[in-house]
Amino acid sequence: MHFEQLLKQAAQASQETDPLTNTMQFPANWCQGRTAFGGLSAALLYQAMRNKVDSSRRLLSLSTNFVGPLLAEKPFSLSVEILREGKSSTQVLAKAIQDDAVCVIVQACFAKNRNSSINVPVSKSLTLHPVNEGHCLGFVPGKMPEFFQHVDLCPQQGAMPFSSAQTSHLGGWMRFKHTPEEITEAHVIALTDAWPPTLLQMFKQPAPASSMSWYLEFVQAPNLVPGEWLGFEAITHHSKDGYGLEDGCIWSQSGELIALTRQTVALFD
Ligand SMILES: CCCCCCCCCCCCCCCC(=O)SCCNC(=O)CCNC(=O)[C@H](O)C(C)(C)COP(=O)(O)OP(=O)(O)OC[C@H]1O[C@@H](n2cnc3c(N)ncnc32)[C@H](O)[C@@H]1OP(=O)(O)O
(Lines give C-alpha, C1' and ligand atoms only; values in the text may rest on other atoms or scores of the structure.)
Protein backbone atom coordinates (compact mmCIF):
# COMPACT_ATOMS: atom_id res chain seq x y z
CA MET A 1 0.00 0.00 0.00
CA HIS A 2 1.42 3.38 -1.03
CA PHE A 3 1.97 6.27 1.33
CA GLU A 4 -0.73 8.36 -0.44
CA GLN A 5 -3.33 5.58 0.07
CA LEU A 6 -2.58 5.58 3.80
CA LEU A 7 -2.81 9.38 3.92
CA LYS A 8 -6.22 9.20 2.24
CA GLN A 9 -7.40 6.67 4.83
CA ALA A 10 -6.17 8.91 7.66
CA ALA A 11 -8.07 11.88 6.23
CA GLN A 12 -11.25 9.78 5.92
CA ALA A 13 -10.99 8.09 9.32
CA SER A 14 -10.52 11.40 11.11
CA GLN A 15 -13.71 12.83 9.52
CA GLU A 16 -15.88 9.95 10.77
CA THR A 17 -17.59 10.04 14.15
CA ASP A 18 -19.04 6.52 14.07
CA PRO A 19 -16.66 4.26 16.10
CA LEU A 20 -17.21 1.52 13.50
CA THR A 21 -15.74 3.58 10.67
CA ASN A 22 -13.38 6.05 12.34
CA THR A 23 -10.42 3.67 12.47
CA MET A 24 -7.70 2.67 10.02
CA GLN A 25 -4.78 0.25 9.96
CA PHE A 26 -1.53 -0.18 8.05
CA PRO A 27 0.24 -3.27 6.70
CA ALA A 28 3.33 -4.75 8.37
CA ASN A 29 5.54 -3.60 5.50
CA TRP A 30 5.28 -0.08 6.99
CA CYS A 31 6.87 -1.18 10.28
CA GLN A 32 10.16 -0.39 11.91
CA GLY A 33 10.73 -3.34 14.19
CA ARG A 34 7.72 -3.86 16.45
CA THR A 35 6.03 -0.50 15.70
CA ALA A 36 4.85 1.69 12.83
CA PHE A 37 7.66 3.56 11.12
CA GLY A 38 7.58 6.78 13.20
CA GLY A 39 7.53 8.99 10.09
CA LEU A 40 4.34 7.23 8.98
CA SER A 41 2.47 7.65 12.27
CA ALA A 42 3.44 11.35 12.50
CA ALA A 43 2.44 11.94 8.86
CA LEU A 44 -0.95 10.21 9.34
CA LEU A 45 -1.69 12.42 12.33
CA TYR A 46 -0.59 15.50 10.38
CA GLN A 47 -2.94 14.51 7.52
CA ALA A 48 -5.82 14.03 9.95
CA MET A 49 -5.18 17.59 11.25
CA ARG A 50 -4.66 19.13 7.82
CA ASN A 51 -8.28 18.50 6.83
CA LYS A 52 -9.53 20.41 9.85
CA VAL A 53 -7.42 23.55 9.39
CA ASP A 54 -8.07 26.21 6.74
CA SER A 55 -5.75 25.65 3.77
CA SER A 56 -4.53 29.29 3.93
CA ARG A 57 -2.68 28.32 7.13
CA ARG A 58 0.52 26.37 6.48
CA LEU A 59 2.29 24.02 8.87
CA LEU A 60 4.89 25.93 10.92
CA SER A 61 5.87 23.26 13.43
CA LEU A 62 5.05 19.71 14.44
CA SER A 63 5.97 18.14 17.74
CA THR A 64 5.61 14.36 18.00
CA ASN A 65 5.91 12.12 21.04
CA PHE A 66 6.15 8.38 20.45
CA VAL A 67 4.43 7.27 23.62
CA GLY A 68 4.37 3.55 22.86
CA PRO A 69 4.35 1.14 19.92
CA LEU A 70 1.62 1.50 17.24
CA LEU A 71 1.06 -2.00 15.88
CA ALA A 72 0.46 -3.07 12.26
CA GLU A 73 -2.74 -4.74 11.00
CA LYS A 74 -4.68 -3.58 14.03
CA PRO A 75 -7.28 -0.77 13.98
CA PHE A 76 -6.46 2.56 15.59
CA SER A 77 -8.28 5.90 15.63
CA LEU A 78 -6.96 9.39 14.96
CA SER A 79 -8.49 12.01 17.22
CA VAL A 80 -7.98 15.68 16.37
CA GLU A 81 -8.67 18.60 18.72
CA ILE A 82 -8.39 22.25 17.69
CA LEU A 83 -6.96 23.88 20.80
CA ARG A 84 -7.13 27.48 19.65
CA GLU A 85 -7.88 29.37 16.46
CA GLY A 86 -6.68 32.99 16.27
CA LYS A 87 -6.69 35.56 13.44
CA SER A 88 -3.56 34.04 11.90
CA SER A 89 -2.69 30.82 13.67
CA THR A 90 -4.27 27.54 14.75
CA GLN A 91 -2.93 25.20 17.44
CA VAL A 92 -3.95 21.55 17.09
CA LEU A 93 -3.48 18.32 19.04
CA ALA A 94 -3.90 14.86 17.53
CA LYS A 95 -3.58 11.36 19.00
CA ALA A 96 -3.31 7.87 17.56
CA ILE A 97 -5.20 5.53 19.89
CA GLN A 98 -5.01 1.73 19.69
CA ASP A 99 -6.56 -0.67 22.21
CA ASP A 100 -7.63 2.33 24.33
CA ALA A 101 -3.97 3.40 24.73
CA VAL A 102 -2.46 6.58 23.30
CA CYS A 103 0.48 5.48 21.12
CA VAL A 104 1.52 8.71 19.37
CA ILE A 105 0.70 12.38 20.08
CA VAL A 106 1.28 15.24 17.65
CA GLN A 107 0.91 18.90 18.49
CA ALA A 108 1.12 21.30 15.56
CA CYS A 109 0.99 24.99 14.82
CA PHE A 110 -0.47 26.20 11.50
CA ALA A 111 -0.44 29.86 10.46
CA LYS A 112 -0.89 32.26 7.57
CA ASN A 113 1.59 34.97 6.59
CA ARG A 114 1.44 38.31 8.41
CA ASN A 115 3.05 41.65 7.56
CA SER A 116 6.44 42.08 9.21
CA SER A 117 9.48 44.25 8.47
CA ILE A 118 11.87 41.64 9.92
CA ASN A 119 13.67 39.44 7.41
CA VAL A 120 16.54 37.15 8.38
CA PRO A 121 17.89 34.96 5.57
CA VAL A 122 18.77 31.29 6.12
CA SER A 123 22.12 31.05 7.93
CA LYS A 124 22.98 27.48 6.88
CA SER A 125 23.93 25.97 3.54
CA LEU A 126 23.76 22.49 2.08
CA THR A 127 27.05 20.58 2.24
CA LEU A 128 25.96 17.40 0.43
CA HIS A 129 27.39 16.53 -2.99
CA PRO A 130 24.90 16.01 -5.85
CA VAL A 131 22.92 12.74 -5.67
CA ASN A 132 24.70 9.63 -6.92
CA GLU A 133 21.89 7.12 -7.43
CA GLY A 134 24.48 4.34 -7.68
CA HIS A 135 25.02 4.74 -3.92
CA CYS A 136 21.38 4.11 -2.92
CA LEU A 137 20.82 1.39 -0.34
CA GLY A 138 18.94 -1.65 -1.61
CA PHE A 139 16.32 -3.23 0.67
CA VAL A 140 17.72 -6.26 2.52
CA PRO A 141 14.84 -8.23 4.14
CA GLY A 142 15.54 -9.11 7.76
CA LYS A 143 18.46 -6.65 8.00
CA MET A 144 16.56 -3.45 7.34
CA PRO A 145 13.26 -2.16 8.74
CA GLU A 146 10.29 -3.23 6.61
CA PHE A 147 9.37 0.35 5.68
CA PHE A 148 12.66 0.57 3.75
CA GLN A 149 10.75 -1.05 0.89
CA HIS A 150 9.03 2.28 0.36
CA VAL A 151 11.95 4.73 0.47
CA ASP A 152 15.27 5.29 -1.26
CA LEU A 153 18.17 6.53 0.86
CA CYS A 154 21.49 7.54 -0.68
CA PRO A 155 23.87 8.04 2.28
CA GLN A 156 26.85 10.40 1.86
CA GLN A 157 27.98 11.28 5.39
CA GLY A 158 28.32 8.98 8.40
CA ALA A 159 28.32 5.19 8.49
CA MET A 160 26.01 2.19 8.60
CA PRO A 161 24.22 1.36 11.88
CA PHE A 162 26.07 -0.81 14.43
CA SER A 163 29.49 -0.25 12.79
CA SER A 164 31.40 1.22 15.78
CA ALA A 165 31.74 4.51 13.87
CA GLN A 166 33.68 7.37 15.47
CA THR A 167 31.42 10.03 13.98
CA SER A 168 27.82 10.79 14.92
CA HIS A 169 27.03 12.90 11.84
CA LEU A 170 24.72 11.46 9.20
CA GLY A 171 23.60 12.77 5.83
CA GLY A 172 22.45 11.96 2.33
CA TRP A 173 19.55 12.10 -0.09
CA MET A 174 16.06 10.57 0.26
CA ARG A 175 12.81 10.13 -1.66
CA PHE A 176 9.84 7.76 -1.93
CA LYS A 177 10.22 4.83 -4.34
CA HIS A 178 6.67 5.45 -5.55
CA THR A 179 6.73 8.97 -6.99
CA PRO A 180 3.92 10.98 -5.35
CA GLU A 181 1.57 13.27 -7.30
CA GLU A 182 2.89 16.14 -5.18
CA ILE A 183 5.32 16.46 -2.30
CA THR A 184 3.43 17.84 0.70
CA GLU A 185 4.46 18.39 4.30
CA ALA A 186 3.25 14.81 5.01
CA HIS A 187 5.93 13.47 2.63
CA VAL A 188 8.64 15.63 4.20
CA ILE A 189 7.60 14.48 7.70
CA ALA A 190 7.78 10.80 6.76
CA LEU A 191 11.05 11.03 4.82
CA THR A 192 12.79 13.00 7.58
CA ASP A 193 12.26 10.10 9.97
CA ALA A 194 13.48 7.48 7.49
CA TRP A 195 17.11 7.90 8.59
CA PRO A 196 18.27 5.84 11.55
CA PRO A 197 19.11 7.78 14.74
CA THR A 198 22.55 9.40 14.22
CA LEU A 199 23.99 7.46 17.17
CA LEU A 200 23.10 3.99 15.86
CA GLN A 201 26.27 3.96 13.74
CA MET A 202 28.34 4.23 16.96
CA PHE A 203 26.79 1.07 18.48
CA LYS A 204 29.30 -1.81 18.62
CA GLN A 205 26.56 -4.37 17.96
CA PRO A 206 22.86 -4.43 17.05
CA ALA A 207 20.64 -3.14 19.88
CA PRO A 208 17.34 -1.23 20.02
CA ALA A 209 16.99 2.53 19.96
CA SER A 210 13.73 4.49 19.93
CA SER A 211 12.86 8.04 19.00
CA MET A 212 10.87 9.40 21.93
CA SER A 213 10.20 13.02 21.05
CA TRP A 214 10.72 14.85 17.79
CA TYR A 215 10.30 18.49 16.71
CA LEU A 216 10.09 19.55 13.08
CA GLU A 217 9.90 23.17 11.94
CA PHE A 218 9.03 24.14 8.38
CA VAL A 219 10.98 27.11 7.05
CA GLN A 220 8.64 27.31 4.06
CA ALA A 221 5.80 25.34 2.47
CA PRO A 222 7.44 22.68 0.30
CA ASN A 223 7.38 23.76 -3.34
CA LEU A 224 9.05 20.68 -4.76
CA VAL A 225 8.91 18.65 -7.95
CA PRO A 226 7.44 15.13 -7.50
CA GLY A 227 10.34 12.69 -7.72
CA GLU A 228 13.02 15.17 -6.68
CA TRP A 229 15.44 14.13 -3.96
CA LEU A 230 15.46 15.77 -0.53
CA GLY A 231 18.71 16.31 1.36
CA PHE A 232 19.15 15.28 5.01
CA GLU A 233 22.06 16.37 7.23
CA ALA A 234 22.06 15.67 10.97
CA ILE A 235 24.49 16.05 13.83
CA THR A 236 24.43 14.79 17.41
CA HIS A 237 24.66 17.59 19.98
CA HIS A 238 25.04 15.37 23.01
CA SER A 239 24.56 11.83 24.25
CA LYS A 240 24.91 10.53 27.79
CA ASP A 241 23.15 8.16 30.17
CA GLY A 242 21.12 6.47 27.42
CA TYR A 243 19.59 9.53 25.72
CA GLY A 244 20.90 11.25 22.59
CA LEU A 245 19.96 14.68 21.21
CA GLU A 246 20.20 15.16 17.46
CA ASP A 247 19.57 18.05 15.16
CA GLY A 248 19.30 18.31 11.39
CA CYS A 249 18.28 20.14 8.21
CA ILE A 250 16.07 19.06 5.32
CA TRP A 251 16.97 20.53 1.92
CA SER A 252 15.42 20.63 -1.53
CA GLN A 253 17.57 19.11 -4.27
CA SER A 254 18.51 22.64 -5.37
CA GLY A 255 19.75 23.51 -1.86
CA GLU A 256 16.84 25.46 -0.36
CA LEU A 257 16.24 24.87 3.35
CA ILE A 258 12.81 23.24 3.81
CA ALA A 259 12.74 22.21 7.47
CA LEU A 260 14.72 21.87 10.70
CA THR A 261 14.48 18.66 12.73
CA ARG A 262 15.47 17.81 16.32
CA GLN A 263 14.87 14.66 18.33
CA THR A 264 15.58 12.83 21.59
CA VAL A 265 16.45 9.17 21.15
CA ALA A 266 16.45 6.48 23.87
CA LEU A 267 19.44 4.13 23.47
CA PHE A 268 19.30 0.53 24.73
CA ASP A 269 22.93 -0.51 23.92
C1 LIG B 1 22.76 5.14 6.70
C2 LIG B 1 21.41 4.50 6.59
C3 LIG B 1 21.39 3.03 6.77
C4 LIG B 1 20.08 2.40 7.06
C5 LIG B 1 20.16 0.91 7.14
C6 LIG B 1 19.10 0.22 7.90
C7 LIG B 1 19.02 0.64 9.34
C8 LIG B 1 18.44 -0.34 10.26
C9 LIG B 1 18.31 0.14 11.64
C10 LIG B 1 17.15 1.04 11.90
C11 LIG B 1 16.84 1.10 13.33
C12 LIG B 1 15.87 2.15 13.61
C13 LIG B 1 15.72 2.41 15.08
C14 LIG B 1 14.76 3.51 15.35
C15 LIG B 1 13.56 3.02 16.11
C16 LIG B 1 12.50 4.02 16.22
O17 LIG B 1 12.67 5.21 16.20
S18 LIG B 1 10.92 3.36 16.39
C19 LIG B 1 9.79 4.56 15.82
C20 LIG B 1 9.24 5.55 16.77
N21 LIG B 1 9.46 5.31 18.15
C22 LIG B 1 8.62 4.53 18.89
O23 LIG B 1 7.64 3.96 18.44
C24 LIG B 1 8.93 4.46 20.36
C25 LIG B 1 7.68 4.37 21.17
N26 LIG B 1 7.99 4.57 22.56
C27 LIG B 1 8.28 3.52 23.37
O28 LIG B 1 8.21 2.37 22.98
C29 LIG B 1 8.67 3.87 24.78
O30 LIG B 1 8.34 5.23 25.04
C31 LIG B 1 10.17 3.64 25.09
C32 LIG B 1 11.10 4.50 24.21
C33 LIG B 1 10.54 2.19 24.91
C34 LIG B 1 10.30 4.10 26.54
O35 LIG B 1 11.46 3.65 27.20
P36 LIG B 1 11.29 2.89 28.63
O37 LIG B 1 10.57 3.79 29.55
O38 LIG B 1 12.64 2.40 28.98
O39 LIG B 1 10.32 1.73 28.14
P40 LIG B 1 9.81 0.33 28.70
O41 LIG B 1 8.35 0.27 28.41
O42 LIG B 1 10.27 0.09 30.11
O43 LIG B 1 10.52 -0.69 27.67
C44 LIG B 1 11.92 -0.87 27.61
C45 LIG B 1 12.17 -2.04 26.71
O46 LIG B 1 11.81 -1.67 25.36
C47 LIG B 1 12.82 -2.15 24.48
N48 LIG B 1 12.84 -1.34 23.27
C49 LIG B 1 13.06 -0.02 23.18
N50 LIG B 1 13.03 0.38 21.89
C51 LIG B 1 12.77 -0.73 21.17
C52 LIG B 1 12.63 -0.97 19.78
N53 LIG B 1 12.74 0.03 18.87
N54 LIG B 1 12.38 -2.24 19.38
C55 LIG B 1 12.27 -3.26 20.28
N56 LIG B 1 12.40 -3.09 21.61
C57 LIG B 1 12.65 -1.82 22.04
C58 LIG B 1 14.10 -2.00 25.30
O59 LIG B 1 15.16 -2.79 24.81
C60 LIG B 1 13.66 -2.46 26.68
O61 LIG B 1 13.70 -3.86 26.69
P62 LIG B 1 13.90 -4.71 28.08
O63 LIG B 1 15.15 -4.15 28.70
O64 LIG B 1 12.67 -4.45 28.88
O65 LIG B 1 14.03 -6.13 27.60
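For ligands, and for the atoms within them, numbers begin at 1 and follow the listed sequence. The figures here come from the full heavy-atom set of this structure, side chains too, leaving out hydrogens, waters and symmetry mates.
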Derivation of the side chain to side chain contact (heavy atoms under 4.5 Å, CB included) call for Trp251 and Phe232: CA-CA 6 Å; Trp251 304 96; Phe232 172 88; over 6 Å; no
Working for ring pair (Phe, Tyr, Trp, His ring centres under 6.0 Å), residues Phe3 and His187: CA-CA 8 Å; Phe3 184 61; His187 297 80; 5.1 Å; yes
Would His2 and Phe176 satisfy side chain to side chain contact (heavy atoms under 4.5 Å, CB included), going step by step from the backbone distance to the final call? CA-CA 10 Å; His2 298 145; Phe176 280 97; over 6 Å; no
Give the C-alpha distance, both sets of side-chain angles, the deciding distance and a yes or no for side chain to side chain contact (heavy atoms under 4.5 Å, CB included) between Cys249 and Thr261. CA-CA 6 Å; Cys249 295; Thr261 175; over 6 Å; no
Full working for side chain to side chain donor-acceptor pair (under 3.5 Å) between Gln91 and Glu85: CA-CA 7 Å; Gln91 298 277 356; Glu85 204 153 38; over 6 Å; no
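Around atom 53 (N) of ligand 1, the closest heavy atom drawn from Pro208, Ser210, Gly158, Gly172 belongs to Ser210.
Taking every non-hydrogen atom of Pro196 and a distance limit under 4.0 Å, the qualifying atoms of ligand 1 come out as 2 (C), 4 (C). Residue Leu137 approaches ligand 1 through these ligand atoms, each under 4.0 Å from one of its heavy atoms: 2 (C), 3 (C), 4 (C).
Contacts of Phe37 with ligand 1, taken as heavy-atom pairs under 4.0 Å, are absent altogether. At a heavy-atom cutoff of 4.0 Å, ligand 1 is contacted by the side chain of Pro145 but not by its backbone. The residue Leu70 has no part lying near ligand 1, judged by heavy-atom distances below 4.0 Å.
Within the 4.0 Å cut-off (strictly below), no protein heavy atom is located near atom 64 (O) of ligand 1. For atom 28 (O) of ligand 1, the nearest protein heavy atom lies under 4.0 Å away. Contact annotation for atom 47 (C) of ligand 1: protein absent (non-hydrogen atoms, distance under 4.0 Å). Distance remark: protein heavy atom present below 4.0 angstrom from atom 59 (O) of ligand 1. Distances from atom 43 (O) of ligand 1 to the protein include no heavy-atom value under 4.0 Å. Within the 4.0 angstrom cut-off, atom 37 (O) of ligand 1 has no protein heavy-atom neighbours. Within a 4.0 Å radius of atom 17 (O) of ligand 1, the protein contributes at least one heavy atom. For atom 14 (C) of ligand 1, a protein non-hydrogen atom is found at a distance below 4.0 Å.
Looking only at protein heavy atoms, the nearest one to atom 9 (C) of ligand 1 is Leu200 CD2, 3.8 Å. Shortest contact from atom 19 (C) of ligand 1 to any protein heavy atom: Gln32 NE2, 3.3 Å. At the top of the distance list for atom 25 (C) of ligand 1, counting protein heavy atoms only, stands Phe66 O, 3.4 Å. At the top of the distance list for atom 7 (C) of ligand 1, counting protein heavy atoms only, stands Pro161 CG, 3.5 Å. Nearest protein heavy-atom contact of atom 34 (C) of ligand 1 is Met212 CE, 4.3 Å. Nearest protein heavy-atom neighbour of atom 39 (O) of ligand 1: Phe268 CZ, 4.9 Å. Summary of contacts: the protein heavy atom closest to atom 4 (C) of ligand 1 is Phe148 CZ, 3.5 Å. From the protein, the heavy atom lying nearest to atom 33 (C) of ligand 1 is Arg34 NH2, 3.7 Å.
Inclusion of Val67 in the set of residues having an N or O under 3.5 Å from an N or O of ligand 1 is warranted. Looking at Trp195 next to ligand 1, no N or O pair under 3.5 Å apart turns up. For the pair Ala36 and ligand 1, the shortest N or O to N or O distance does not fall below 3.5 Å. In terms of polar-atom proximity, defined here as any N/O pair under 3.5 Å, Lys143 makes no such contact with ligand 1.
In this structure, His150 and Leu40 have side chains that are not in contact, with every pair of non-hydrogen atoms separated by 4.5 Å or more. Looking at Pro196 and Leu170, their side chains come closer than 4.5 Å, going by heavy atoms from C-beta outward. Annotation: side chain of Leu6 is not in contact with side chain of Lys8 (no heavy-atom distance under 4.5 Å). Counting only heavy atoms from C-beta outward, the side chains of Leu137 and Met144 approach each other to under 4.5 Å. Looking at Met174 and Trp195, their side chains come closer than 4.5 Å, going by heavy atoms from C-beta outward.
The shell of residues lying under 4.0 angstrom from ligand 1, judged by heavy atoms, includes Ala209.
More than 12 heavy atoms of other residues, nucleotides or ligands shown are found within 6.0 angstrom of CG on Asp54.
Remark: Lys52 does not engage Glu81 in a salt bridge, criterion side-chain N to carboxylate O under 4.0 Å.
Side chains of Gln220 and Glu256: a donor-acceptor N/O pair is present below 3.5 angstrom, by distance only. Looking only at atom types and distance, the side chain of Glu133 has a donor-acceptor partner in the side chain of Trp229 under 3.5 Å away.
If you run side-chain contact (heavy atoms from CB on, under 4.5 Å) between Ile189 and each of Leu45, Thr64, Leu59, only Leu59 comes through. Checked against Thr198 for a side chain to side chain donor-acceptor pair (under 3.5 Å), the options Glu246, Gln157, His237, Gln263 give a single hit: Glu246.
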